[in-house]
Each structure stands twice: as structure tokens, then as C-alpha cells.
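See structure below.
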Amino acid sequence: MMIYEILISIMLVGGSFFILLSAIGILRMPDLYMRISATTKAVTLGVGLISVAAALFFGSIDITSKAVLIVFFLFLTAPVAGHILARAGFYEGAPLWEGSKINEFADFKKDEEKDATSS
Amino acid sequence: MISTALNISLGMISLSMILIILRVLRGPSLADRVTALDILMTTGIGFIAIYSIYSNNDIFIDVAVILALIAFVGTIAFSYFINRENR
């Protein structure tokens, strides 16, 4: 019984620590793409740990299945949402950080516009 | 022991919500604000899960499941709006 309490406490504090790290990341990172990349993964891990802590605390089969459902939805939707937001931000014209070197999507976009005008 | 951990994690999540709302207010582009709102929704899922342990009431886990679905739909709608406006 004691080891359950220690495990639940570690998971709760660890999950909220990762959420706090991602909040600091979204406030301090220099451009939009780094903000998306830093926050999506850390928040997914944090909420996953908290859901597992809730499943361990209640310890019944229906709460465990709902916690697995939350983690499944997050793992399914967070990469899609991050990717589509980065794409929308690029078309909106959000600037890159001045230290970033490779921008392959700009070349792709230039080729796409050339094809659209030539055909 | 669990109550101490619950208080610590509720405080940390409240602090991170304040930091994310600062980014919503400050964000230079619209995509920054939408990203911050998406992260705020996901943080709310964690807050509701912690509150359901805190109040020892397992009904609130259902709210977290529904919020996980609604947040994704809202983010996709906002990003289609941004794409439509800039084509």
C-alpha cells in the first residue's frame, strides 16, 4: 500500500514538472517552430504520467480504460496538431530564428508556385 | 503523502497556466496564439485529472476524455482558418 502511494506521488509531481517545463519553453523559445516542437512532446508526456497516476489511484478497470483512452487520444492528435499548426504558421509568414540554417520547405514552396504559374 | 504531492502539482500546473496565458497575450503571430491555446487545453486535461484524485471522485475523468477530443477539433479548425486566409 505504501509503495503505491510513493509511485502515485512521484508520477504526479513528475508529470506536473514536465508541464511546467513546457510552459517555460513556450514562453522562452525564440520562434514559432521551436515553441511547437518543445511544448507538444513535453505536455504529452506530462499529461500521460498524470493519467497513469489517476489510473493507479482509483485502481478499477473502467477508470484504467478511460486513462488509456486519454493517452491514446493525446498520442494520436498531438503530432497531427503540431504539424498542421507549423504548416499554417509557415504560410502565414512567421519568421524563423536568425540562427537556423536549413529551410527546405521554402524551396518546395517556390517550386510549387513556379509549377502553378507555368502550367 | 499523496495530499502533499497533489498540492505541489496543482501549484505547478497553475503556474504553468499563467505562463502559457502570457504567451497567448504576447504572441506575435496568430499561429503562436493558437499553439498556446492548444497547450492550455492539454494542461486543463491534466488539471482535471489531478482534481479528480484530489476530490476522490471518478466522474471527472470523463470530462478529461471529452476535453481531449474537443481540443483537437478546435486546433484543426483554427489552423484551417489560418490556411484559408493566407492562400
Side-chain angles (χ1 to χ4, degrees), chain A residues 2 5-6 8-17 19-24 26-28 31-32 35-36 39-40 43-44 46-51 53-55 57-58 60 62-63 66-67 69-74 76-78 80-82 84-95, chain B residues 1-6 8-13 15-20 22-24 26-32 34-36 38-40 42-43 45-50 52-53 56 58 60-62 64-65 67-69 71-76 78-87:
Chain A
M2 192 65 195
E5 290 194 356
I6 293 174
I8 290 169
S9 307
I10 288 174
M11 279 186 175
L12 280 174
V13 176
S16 35
F17 177 70
I19 290 178
L20 185 62
L21 274 189
S22 81
I24 294 172
I26 203 175
L27 198 61
R28 296 290 299 165
D31 69 355
L32 169 69
R35 275 174 219 140
I36 292 173
T39 55
T40 310
V43 158
T44 306
V47 177
L49 279 177
I50 290 173
S51 306
F57 179 78
F58 289 111
S60 67
D62 44 347
I63 302 300
K66 279 166 194 165
L69 203 60
I70 293 176
V71 176
F72 177 71
F73 279 148
L74 280 179
L76 205 65
T77 59
V80 179
I84 204 166
L85 268 173
R87 194 182 166 86
F90 193 84
Y91 276 115
E92 196 191 9
Chain B
M1 176 159 189
I2 284 187
S3 64
T4 313
L6 281 172
I8 292 173
S9 46
L10 280 179
M12 282 162 98
I13 285 190
L15 182 62
S16 57
M17 276 183 167
I18 292 173
L19 295 180
I20 292 169
L22 278 182
R23 174 52 73 189
V24 174
R26 211 169 89 180
S29 65
L30 185 57
D32 275 313
V34 178
T35 309
D38 182 43
I39 301 301
L40 191 65
T42 317
T43 311
I45 297 169
F47 193 89
I48 291 171
I50 291 180
S52 82
I53 300 177
N56 202 1
D58 54 359
F60 292 118
I61 297 285
D62 293 347
V65 174
L67 199 60
L69 277 176
F72 176 64
V73 175
T75 307
I76 295 299
F78 264 121
S79 53
Y80 267 116
F81 168 67
I82 298 173
N83 262 337
R84 185 73 56 85
E85 213 171 41
N86 291 288
R87 285 285 170 92

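Letters go in sequence order (proteins before strands), and every chain restarts at 1.
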For the candidates [options], which exhibits the highest count of non-hydrogen atom pairs separated by less than 4.5 Å from chain B?
| options | result |
| --- | --- |
| A/Leu12, A/Val13, A/Leu32, A/Ile8 | A/Leu32 |
| A/Ile50, A/Leu69, A/Leu74 | A/Ile50 |
| A/Glu5, A/Met2, A/Arg35 | A/Arg35 |

Could you look at [X] and say if it's the side chain, the backbone, both or neither that has a heavy atom under 4.5 Å from chain A?
| X | result |
| --- | --- |
| B/Asp38 | side chain |
| B/Thr42 | both |
| B/Leu30 | both |

Over all heavy atoms of both residues, which pair between [X] and [Y] is shortest? Give the atoms and the distance, please.
| X | Y | result |
| --- | --- | --- |
| A/Ser9 | B/Ala5 | CB-CB, 3.7 Å |
| B/Ala64 | A/Ile70 | CB-CD1, 3.7 Å |
| B/Ala31 | A/Gly89 | CB-CA, 3.8 Å |
| B/Met1 | A/Ile6 | CE-CG1, 3.8 Å |

[options]: which one forms the most heavy-atom pairs within less than 4.5 Å of chain A?
| options | result |
| --- | --- |
| B/Thr4, B/Asp62, B/Leu22, B/Leu10 | B/Asp62 |
| B/Ile13, B/Ile18, B/Val65, B/Ile20 | B/Val65 |
| B/Ile61, B/Ile45, B/Ile39, B/Ile53 | B/Ile53 |
| B/Thr75, B/Leu67, B/Thr35 | B/Thr35 |

Calculate, to the nearest 0.5 Å, the distance between atoms [atom1] and [atom2] belonging to [X] and [Y] respectively.
| X | Y | atom1 | atom2 | result |
| --- | --- | --- | --- | --- |
| B/Ile82 | A/Tyr91 | CD1 | OH | 14.0 Å |
| A/Lys66 | B/Asp58 | NZ | CG | 7.0 Å |
| B/Ser16 | A/Ile19 | OG | CD1 | 6.0 Å |
| A/Ile26 | B/Leu19 | CD1 | CG | 10.0 Å |
| B/Leu40 | A/Thr39 | CG | OG1 | 12.0 Å |
| B/Tyr80 | A/Ile84 | OH | CD1 | 5.0 Å |

For this session: Please say whether more than 12 non-hydrogen atoms of neighbouring residues, nucleotides or ligands are located less than 6.0 Å from CZ in A/Phe58.
Result: yes
Exercise. Got a sec: does the CZ of B/Phe72 have more than 12 other heavy atoms crowding it under 6.0 Å?
Worked result: yes
Exercise. Would A/Phe57 and B/Asn56 count as a side chain to side chain contact (heavy atoms under 4.5 Å, CB included) if you check the C-alpha gap in whole Å, the side-chain angles of each, and the deciding distance to 0.1 Å?
Worked result: CA-CA 9 Å; A/Phe57 179 78; B/Asn56 202 1; 3.8 Å; yes
Exercise. Using non-hydrogen atoms only, which part of A/Thr77 is less than 4.5 Å away from chain B: side chain, backbone, both, or neither?
Worked result: both
For this session: Name the region of A/Leu21, side chain, backbone, both or neither, that has any atom closer than 4.5 Å to a heavy atom of chain B.
Result: neither
